[in-house]
Amino acid sequence: MPRWQFRRMHPGEMNIDPIESEFFSTEALGSLVDALVREAIQNSLDARAPGGRARVRIAFSAPGVGIAPERVARYLAGLWPHLAADRSGLAQLPGEGAPLDFVAIEDFGTRGLQGDPRQSEDEALGAEATRNDFYYFWRNVGRSRKGATDLGRWGLGKTVFPAASRLNAFFAVTSRRDDGRRLLMGQAVLRIHKLEGARYYPYGYFGSFDGDLALPVEDDALVEAFCTDFGLARGRAPGLSVVVPYPDAELDPTAFPPSVVRHYFVPILAGDLEVEVVHDGHRELLDAETLPRVLLRAGWSEGLALARLVELAQWGLAHGTTQRVRLPEPAAPTAPRWTGDAALDAALAPLRESFARGERVAVEVPVWVKPASGEAVLAGFDVYLERDDALAGGEEHFVRDGITVAGVRSPVQAGVRALVNVRERALSGLLGDSENPAHTEWQERSPRFKERYRHGPFTLRYVKGAPREIVRILTRPAAGRDLTLLRHLFALDVPTEAAMIERDARRAERAGFDGSGLAREVETVGKDRQFLLQKLAGGFRLCGAGEAGAVPRFAAVQAAYEVRRGNPFALYQPLDFDLAGPGFALEASGAEVLRRAGNTIVLRIDAPGFALAVRGFDPRRDVRVKALPLDEEAAA
């Protein structure tokens, strides 16, 4: 029968307590949920079948139920004395007879932990042999044979699994693509501790044993019983299922979907990843098709910001390759720098007017990657940019091979959202070599990085500075009079000279009456901050900007075409448009449209993160929108 076993320490042996969990406590990660999501999915993407899609299932046991005490003993017998030992490092343990609650993280479409389970040292492989995933997952910390384009490099990601458990332990079942074997094993990470007068090594294993060598359980009946007890969907499909017993209280199931989107929205949109979160009888699927809809109806505090970022990424992945402008290649012998090169200005010139009008733009940036030994390789990355006047400052996001590198900062101009997407092998390898263990920062002084590349720090700065410098070139004032110089400072549209001549020639009293003008960004009226407004093609989207209780229960939304003089709402006429007409499409989530007529929509708001999308306005007309709170009597 499988059991837990810790190795007794020898006299004079070096005393070292594990410290690897400290690598995942940085501010950039944000929370234990973020650390678990990043590291688990990163491993799944690294192990996915070539050209395939990785599917990840995150499932929580029913609250207060878990596995019954009589069945817990078969998995935790022999572990409890070590957990309760003096100096084990665990302050608060669950009751030994408490039902075992858990979270299971499973991947599919991956290869599983392949390799000889008996391997115990590097020399058994040889420098050029196929890497042994089983060996590096179970018997190594801070050591990895991952390649240049793998997301993880440090061999530390798996340490987040025990860190997420109140027992500092986890189990894993793997089904291997190459030989079809199913293997079960467990690991606990404590401190050096004493039990009945003997000192024990911090790392303990659950499995079968050949002396001190831990081996996986392969008995099919025992593995199947484990999968059934923990509700795994593994079956015999290749991949890895990790079970975290007694998860930390910080692992709130509702925090997992927004964390998945925040860190992996690019591979989800690209079709390389789908994630399912299951808890309390509820199932949330995040894939390329459902992601935009989930964001529109989700009540997450960051839902609107994520929705706009996802829209930019979706546009970039779908249209960026065909509509992007490629910058000139930098000179190979010298370090790459953003300078006043006239060739850069000329290449970006076609995008100036589009960007000024608020249209999205895509730029491909080539850069030379120069290993310290070996030939230089011309690689590249994409930069997607859009204006968003709702942003208080600038917003930049850096993505390497699908994973968001959350701690990289290179501030862009206020009101601009930027996404840097790196997918080419050579550049991804360089950036990965510069990352810290948590993969949240690019560090040019890292010993793992600075000696591996010629002009490495310059290349790093070149990638980080790309959004800022491209925006600077796109918004650089032209020679002579600049009528748009103070546009964003005063939040007013200053027309060009040609537009002023055209406008003055109009005989209609109201601006845009003949349909010749281009609509500018929709804006709100008044100082109410309970609502956020976003411009859509031919319409707008209104969302809640507050937490629960801050957004009113009922609201009236009014729209009007802009006018040259006077109040546009007072000058509205039914001939302008009728929101109840067949030409207008309304979509509401977290709210119900009670009635619509003329230029007014009355809403009942059911969730603070509600959204209302309205389309059907003349796209060439300027639209003004306002939202007013109503009491129930007025709404009726």
Side-chain angles (χ1 to χ4, degrees), residues 28 30 258 261-263 265-266 292 295-296 298 300-316 320 351-352 354-363 382-399 404-421 464-476 484-494 519-537 539-547 550-551 608-609 611 613 623-625 627:
V261 176
R262 189 163 52 244
H263 297 293
F265 62 94
V266 168
L295 288 173
L296 282 180
W300 310 336
S301 60
E302 58 194 318
L304 180 60
L306 283 176
R308 291 172 173 172
L309 175 61
V310 165
E311 286 177 0
L312 176 61
Q314 192 172 34
W315 173 86
L351 300 181
R352 277 180 174 270
S354 299
F355 189 64
R357 289 196 300 267
E359 298 174 9
R360 293 169 175 147
V361 298
V363 180
D382 292 332
V383 181
Y384 311 136
L385 298 166
E386 70 176 358
R387 288 192 181 277
D388 185 350
D389 291 338
L391 290 175
E395 182 182 301
E396 64 283 338
H397 303 268
F398 293 82
V399 178
T404 301
V405 188
V408 178
R409 291 289 178 267
S410 181
V412 295
Q413 177 179 301
V416 173
R417 179 177 293 106
L419 173 60
V420 174
N421 189 20
K464 290 171 64 174
R468 180 186 65 246
E469 296 301 323
I470 291 173
V471 170
R472 181 181 60 81
I473 295 172
L474 290 176
T475 57
R476 181 181 296 156
T484 66
L485 179 62
L486 301 179
R487 173 182 178 180
H488 293 286
L489 180 61
F490 291 103
L492 296 173
D493 275 330
V494 182
R520 46 186 183 83
E521 293 286 60
V522 179
E523 61 182 7
T524 56
V525 170
K527 298 181 180 180
D528 194 335
R529 299 300 182 188
Q530 294 172 314
F531 304 97
L532 295 176
L533 199 61
Q534 178 188 10
K535 180 179 179 180
L536 302 176
F540 62 87
R541 179 186 292 124
L542 184 76
C543 303
E547 301 297 333
V551 176
V623 180
R624 183 74 67 91
V625 178

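Quick note: residue numbers are just sequence positions, from 1.
- For the pair R417 (side chain) and Y384 (backbone), a donor-acceptor distance under 3.5 Å is absent.
- Between G544 and V551, the shortest heavy-atom contact is CA-CG2, 4.1 Å.
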Inset, instruction - Please lay out, stage by stage, how F265 and L295 fare under the test side-chain contact (heavy atoms from CB on, under 4.5 Å). - result: CA-CA 11 Å; F265 62 94; L295 288 173; over 6 Å; no
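- Closest approach of A362 and L351 over heavy atoms only: O-CD1, 4.1 Å.
- Taking 4.5 Å as the limit, some side-chain heavy atom of T475 sits within range of a side-chain heavy atom of R387.
- Distance check, rounded to the nearest 0.5 Å: CZ of F398 to CG of L419 gives 9.5 Å.
- Separating the CZ atom in R352 from the CZ atom in R357 is a distance of 13.5 Å, to the nearest 0.5 Å.
- For the atom pair CD (E395) and CD (E386), the distance works out to 8.5 Å, reported to the nearest 0.5 Å.
- Closest of all the heavy-atom pairs between V383 and A466 is CG2-CB, 4.2 Å.
- Panel note: side chain T404, backbone R262; a donor-acceptor pair is recorded below 3.5 Å.
- Closest approach of A406 and R409 over heavy atoms only: O-NH1, 3.1 Å.
- In this structure, L542 and A627 approach most closely via the heavy-atom pair CD2-CB, 4.1 Å.
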Inset, instruction - With side-chain contact (heavy atoms from CB on, under 4.5 Å) as the test, would you mind laying out the steps for L474 and L385 before giving the verdict? - result: CA-CA 11 Å; L474 290 176; L385 298 166; 4.1 Å; yes
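- Between E311 and R308, none of the side-chain N atoms (NZ, or NE/NH1/NH2) sits under 4.0 Å from a carboxylate O, so this pair counts as no salt bridge.
- The backbone N or O of E359 sits nowhere less than 3.5 Å from a side-chain atom of S354 that would complete a donor-acceptor pair.
- Contact between G465 and S410 at its shortest, heavy atoms only, is CA-OG, 3.6 Å.
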